[in-house]
Amino acid sequence: MNQVELSAVEKHYGEYHALRNIDLSIPEGAFVALIGPSGCGKSTLLRSIAGLEQISSGTISIAGERVNDVPPRRRDVAMVFQSYALYPHMDVERNMTYSLRLRRRSADLIAAAVREAAATLNLSGLLGRYPRELSGGQRQRVAMGRAIVRHPKVFLFDEPLSNLDAELRVKMRGEVRALHERLGATSIYVTHDQIEAMTMADHIVVLKAGRIEQQGPPLALYDRPANRFVAGFIGSPSINFIEGAVTADGGHVTWEGLERPLSLGRRLSAAQRVQIGLRPEHLAVATDGTMAMVVDTIERTGSQTIILGRCGGQPMTVIDHGRPVLARGDNLRLAVAPDHIHLFDPDSGAAV
Amino acid sequence: MNRALDFVRDRSGFEMILIGLSAVYLFLFAGAPFVFNVLMSFQKVDLFNIASIDRPFVGFANYQKILANPDFWLIVRNTVVFVALSSVCQLAGGFALALFFMQDFAGASWLRGLFLAAWITPGYAIGQVWKWMLAGDTGIANYFLRSLHIIDGPVYWLSDPSLALLTITFVNVWLGIPFYLLLISVGLSAIPRDLYEAAELDGANAVQRFCGITLPLMRDTLLALVALGAILTLQQFDLIAALTAGGPVNSSNVAQFWSWQLSFQSYQIGLGSAVSVLMLLVVVVIASIYVAATRSERAA
């Protein structure tokens, strides 16, 4: 059964159209990431599911019940805020138990819930501390603890890791995912970080300007982006886009700087202009490569070398897993894997 | 000379000048008059020796006279009623209005600003206007209440001894509410919105959010505000002078007005000073509450 179901959801703020015709089904136990650039509507969508925003039209159902007119406190969802929103006048224990105390649960049950959550999140030694006495990572854990003691129907995460430093973010990424698997609860996770989405989610929803651009499993979005926007958003470093054209026979594609047209393995309408997407990791430096590149900048991370340069007049990024000896102005040959070429319509941006 | 200039420009000289200026100011305009006042409360002061500091020392005689005055306990009672009732009503009214204006309706901030209009008007003028409005036979207040059939005959708000104190308290509450409204509004808007959202998702209804989030987070602000407001009410002089001048027969007289009457109407300056020193002790207690409240605010 679908735990969360959105159909034809629209949200207007006066003239501003924040959400456009959102259809989304989230099965029970799924981990769904909502991603997109700032202002794409991902937080608005999350807040609408929480009930903190009223949608203008459409329906939202949680566990089969239409919740459009149900106030947030009766929706049985828990949210982890970007700011954590811990109650500053309550210690960790009281922060975590506020919801249970409001529901007048028995003292035994509350104590057991706190013990369990504290053990899960490594907070046992901090129960008497106040939020101001905690580090960023500890606050983040308390915010998660406050959500899990309730055993809600749905967990909502609003960029919960964005205030942590890089190292802790990577660590917490794994912990959030592990927690999700332990609890088996439905989670909806908003982030602008595509790596977070790719590594944590079972299902990714890419939003832009209030519209769903594409949704699906992470690798499906990576392998078969529905349009130029999704191709550019998923993957790091970003995909290269260059102008090209389908040859007269309709079976090959070519672009400036490429020695001989590449076979597509399928037929397209002849001689149409296309935009070609080449992921940096699908290009390889090779002496027998068919594409010429001039090196501008070299970034070495140790495990890989990122080479930025130009092919013909167009910028190009390549990832090499070796440590090639290169300098600015060098000429390289690149091999292109024909299976990994993405083609987009230059006008609509849709995949061809 | 250059070294002195460098000390000001690059070292702690500038800070020392700032501290020095405020220390001099405080000494001249607060410290010295305070000492002078305390001194007078232990002396026999009359119009002939007022210009000299060397006056006959009388010990606690002024205080004994004040305590023995038949009006003393009446005035203490009046002052307590005036300050306590004013503070409670100002706090409740200011808080209610501040919560009302937190609801984001059209013109909310503009209307809230209008509340400050009462502050532009001098206290004595406000007292006069209220005096006209509350006048027994010709006042608009009685006219309204009679038209609404709430009262039958005229009510003598200012000359009925059982009402006079309550009436000046009412006007003082009216005058003080904008102060509370404004500062409580500042405190309320400092509470992050997402705390309320988190509480809502935790299952708290509006009343529970108010008691569980707003009140505890406003506690120190409110405590500081009540302390400050009580001191302002203890200073309230203009309204009383304009409305009742402490009458009829001291029924609305309060300590600060009595002190002025003793010093500047009957020229018993030693007695007036003693009353003001007694008030000062009360203010010190209230001020320490204020200091404690603002200190824990900073710690939070």
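Throughout, protein chains are lettered first and strands after them, A, B, ... in sequence-line order, and every chain is numbered starting at 1. Please read these numbers as outputs of a predicted model, since none were measured by experiment.
Interface remark: A/F81 contributes side-chain atoms only to the contact with chain B (heavy atom separation under 4.5 Å). If you measure heavy-atom distances from A/A78 to chain B, you find no contacts under 4.5 Å at all. Using a 4.5 Å cut-off between heavy atoms, A/L86 contacts chain B through its backbone alone, with no side-chain atom that close.
Using a 4.5 Å heavy-atom cutoff, the side chains of B/E197 and A/M79 are not in contact. Within the 4.5 Å cutoff, the side chain of B/L195 has heavy atoms near those of the A/P88 side chain. Side-chain contact between A/R75 and B/L201: absent, with no pair of heavy atoms (C-beta onward) separated by less than 4.5 Å.
Taking chain B as the reference chain and counting heavy-atom pairs below 4.5 Å, the highest number among A/M90, A/R146, A/R74 is found for A/R146. Interface remark: of the candidates A/P152, A/P72, A/A143, A/P72 forms the most heavy-atom pairs closer than 4.5 Å to chain B.
Counted within 6.0 Å of CZ on B/F210, heavy atoms from surrounding residues, nucleotides or ligands total more than 12; the atom is thus considered enclosed. At most 12 non-hydrogen atoms from other residues, nucleotides or ligands lie less than 6.0 angstrom from OH of B/Y25.
A/H89 and B/L217 get closest at one heavy-atom pair: ND1-CD2, 3.4 Å. When all heavy atoms are compared, the tightest approach of A/R73 to B/G203 is CB-CA, 3.4 Å.
Side chain of A/Y98 to backbone of B/A204: no donor-acceptor contact under 3.5 angstrom is found. Of the possible donor and acceptor atoms, one in the side chain of A/R103 sits under 3.5 Å from a partner among the backbone N and O of B/D202.
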